[in-house]
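Scroll down for the structure; my scribbles are underneath it.
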Amino acid sequence: MTMIMNTGIEDRVMTTQQKMVCLDVDGTLVDHYGHMSDAVKETARNIVAAGHEVIVSTGRSLGATLPIVQLLGITSGYAVCSNGGLTVRIDTSLSVGYEVIDRQTFDPAPALQALRSALPTAKYALESDQGDFLATERFQDASFGVQAKAVTFEEMMEATAVRLVVFSSDNSSEEFVEAVQTIGLQGVAYSVGWTAWLDIAAEGITKASAIEALRGELGFDIQNTVAVGDGRNDIEMLGWAGRGVAMGQAPDEVKAAADEVTTTVDEDGLARVLRSLL
């Protein structure tokens, strides 16, 4: 199911120097403690000030994405949240500072039933089409952006989802991959994180699908696109971009999808990439 609202994207005059710069958050803009270094913040702000179209593109939900947008000094533009499930137009003149322009939803029940059978000790959280988070077993994470509401598994299956998160402290990421491949999830898109963490979205929805829709509206040629990320949920985005850059700590399959590899997040690898655009 797709709900698209008026985007409000205006006609723009592009120059060959302007880039569409799509940036992952965790492991790219911020380290694994959620801290953005001074070097990254200053360089990213300089990119915004120089007139490049900087689009925060993250697995985080909206509430956890907006503080990053603010840190970068973005007062107008776009952000892609929930791995492409939600796209917003940033406009600080609006009462809440943004408007939702695209929301991709799906029925989580089939995936939940299959996953519960394969991963009986896992915890589940769901971002609903209303922007709420529903969770089992007091499952809470900073990427949700809001306090999750405790529900039963049966209540969760009745919800309409933008994002479904599965986590298990009893399994490794490799075991997650094996379990997902064994059950053969149908009708959804998914990516496995660094740990036993699984993000699920509507079928065909990724960061790349969302930013490609924006690229077409904004009028950028693909060769003027840059994407930087470090996770498996960045693979499609890095392959999509004219210049795809993997962070130094990224898994091998993420690096293989990129055109180049920068240094790690702890070494301010993103700042090095952004300086090359100034």
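Count residues from 1 along the sequence.
- A continuous path of Ile, Leu, Val, Met, Phe, Trp and Tyr side chains, each step under 4.5 Å between heavy atoms, connects V96 with L86, placing both in one hydrophobic cluster.
- Looking only at side-chain heavy atoms (C-beta outward), T105 and R103 come within less than 4.5 Å of each other.
- Put simply, the side chain of L29 reaches to within 4.5 Å of the side chain of L72, judged on heavy atoms.
- Counting only heavy atoms from C-beta outward, the side chains of S76 and I90 never approach each other to under 4.5 Å.
- Side-chain contact between V228 and V21 is absent, with no heavy-atom pair separated by less than 4.5 Å.
- L238 CG to N233 CG: the interatomic distance, rounded to the nearest 0.5 Å, is 9.5 Å.
- Using a 4.5 Å cut-off on side-chain heavy atoms (C-beta onward), E99 and D91 make no contact.
- Figure legend: cation-pi geometry between R89 and Y98 absent, as NZ or CZ is not positioned both under 6.0 Å from the six-membered ring centre and within 45° of its axis.
- Atom NZ of K255 has more than 12 neighbouring heavy atoms from other residues, nucleotides or ligands inside a 6.0 Å radius.
- One finds the CG atom of D107 at 7.5 Å from the OG1 atom of T160 (value rounded to the nearest 0.5 Å).
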Task: Intermediate values then yes/no, side-chain contact (heavy atoms from CB on, under 4.5 Å), F106 and E203 - done: CA-CA 8 Å; F106 65 101; E203 186 172 19; over 6 Å; no

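- Of all non-hydrogen atoms in H52 and Q17, the two that sit nearest each other are CE1-O, 3.0 Å.
- Although no hydrogens or angles enter the test, the distance criterion places a donor-acceptor pair under 3.5 Å between the side chain of E155 and the main chain of T152.
- Two different hydrophobic clusters hold I205 and L126 under the rule that ILVMFWY side chains link at heavy-atom gaps under 4.5 Å.
- A side-chain donor from one of S276 and R243 sits under 3.5 Å from a side-chain acceptor of the other.
- Here the side chain of S82 pairs no donor or acceptor atom with the backbone of G84 at under 3.5 angstrom.
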Task: Intermediate values then yes/no, side-chain contact (heavy atoms from CB on, under 4.5 Å), W240 and I222 - done: CA-CA 8 Å; W240 161 88; I222 195 68; 3.7 Å; yes

TODO: Give the intermediate values and the outcome of side-chain contact (heavy atoms from CB on, under 4.5 Å) for residues L119 and L198.
DONE: CA-CA 11 Å; L119 301 164; L198 180 66; 5.5 Å; no

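- The closest donor-acceptor contact from the side chain of Q18 to the backbone of G51 lies under 3.5 Å.
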Open item on the list: Under the criterion side-chain contact (heavy atoms from CB on, under 4.5 Å), I'd like the reasoning laid out for E236 against K207: C-alpha separation, chi angles, the key distance, then a yes or no.
Closed with: CA-CA 7 Å; E236 294 87 356; K207 293 182 182 183; over 6 Å; no

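- When each of D230, T28, T264 is paired with Q249, the side-chain hydrogen bond (donor to acceptor under 3.5 Å, both in side chains) condition holds for D230 and for no other.
- Using a 4.5 Å cut-off between side-chain heavy atoms of Ile, Leu, Val, Met, Phe, Trp and Tyr, with links allowed through other members, V30 and L71 fall into the same hydrophobic cluster.
- Salt bridge status for R232 with E253: present, with a side-chain N to carboxylate O gap under 4.0 Å.
- Residues D268 and S37 have side chains that bring a donor and an acceptor to within less than 3.5 angstrom of each other.
- Although no hydrogens or angles enter the test, the distance criterion places a donor-acceptor pair under 3.5 Å between the side chain of R215 and the main chain of F220.
- The two residues A258 and G244 make their nearest non-hydrogen contact at CB-O, 3.4 Å.
- Of the residues listed (I47, V54, V56), the one engaging L23 in a side chain to side chain contact (heavy atoms under 4.5 Å, CB included) is V54, and it is the only one.
- Between F144 and W197, the two ring planes are tilted [angle within 30° to 60°].
- D132 places no side-chain N or O within donor-acceptor distance of the main-chain N or O of S128, the cut-off being under 3.5 Å.
- To the nearest 0.5 Å, the span separating CG on L134 from CD on E158 amounts to 11.0 Å.
- Contact of the F139 side chain with the Y124 side chain is not registered, since no non-hydrogen atoms from C-beta on lie closer than 4.5 Å.
- Looking at P108 and I200, their side chains never come closer than 4.5 Å, going by heavy atoms from C-beta outward.
- For T136 and R116, the side-chain atoms include no donor-acceptor pair closer than 3.5 Å.
- Put simply, the side chain of D141 gets close to the backbone of S143: a donor and an acceptor are under 3.5 Å apart.
- At distances below 3.5 Å, at least one donor-acceptor pair connects side-chain atoms of T225 with backbone N or O atoms of G242.
- Summarising the geometry of L112 relative to F153, their closest heavy-atom pair is O-CZ, 3.4 Å, with the distance given to 0.1 Å.
- Of the possible donor and acceptor atoms, one in the side chain of T58 sits under 3.5 Å from a partner among the backbone N and O of R60.
- Within 6.0 Å of CD in E178 there are 12 or fewer heavy atoms belonging to other residues, nucleotides or ligands.
- The pair D199-R163 meets the salt-bridge criterion, since a charged nitrogen lies less than 4.0 angstrom from a carboxylate oxygen.
- Put simply, CG on L274 and CD on E42 are 11.5 Å apart, with the number rounded to the nearest 0.5 Å.
- The two residues G204 and A189 make their nearest non-hydrogen contact at N-CB, 4.1 Å.
- The CG atom of L214 sits 8.0 Å away from atom CD of E53, with the distance rounded to the nearest 0.5 Å.
- One N or O on the side chain of D234 and one on the backbone of G231 form a donor-acceptor pair closer than 3.5 Å.
- For G27 against D24, the heavy-atom pair with the smallest separation is C-OD2, 4.5 Å.
- Separating the CD1 atom in I183 from the CG atom in L115 is a distance of 4.0 Å, to the nearest 0.5 Å.
- Hydrophobic clustering places V245 together with L278 (ILVMFWY residues linked when any side-chain heavy atoms are closer than 4.5 Å, directly or through intermediates).
- Nearest heavy-atom pair, A135 versus A148, reported as atom, atom and distance to 0.1 Å: CB-CB, 3.7 Å.
- For the pair V100/T87, no side-chain contact is recorded, criterion being any heavy-atom separation below 4.5 Å from C-beta on.
- Although no hydrogens or angles enter the test, the distance criterion places a donor-acceptor pair under 3.5 Å between the side chain of Q140 and the main chain of V146.
- Linking Ile, Leu, Val, Met, Phe, Trp and Tyr residues whenever their side-chain heavy atoms come within less than 4.5 Å places V273 and M36 in a single cluster.
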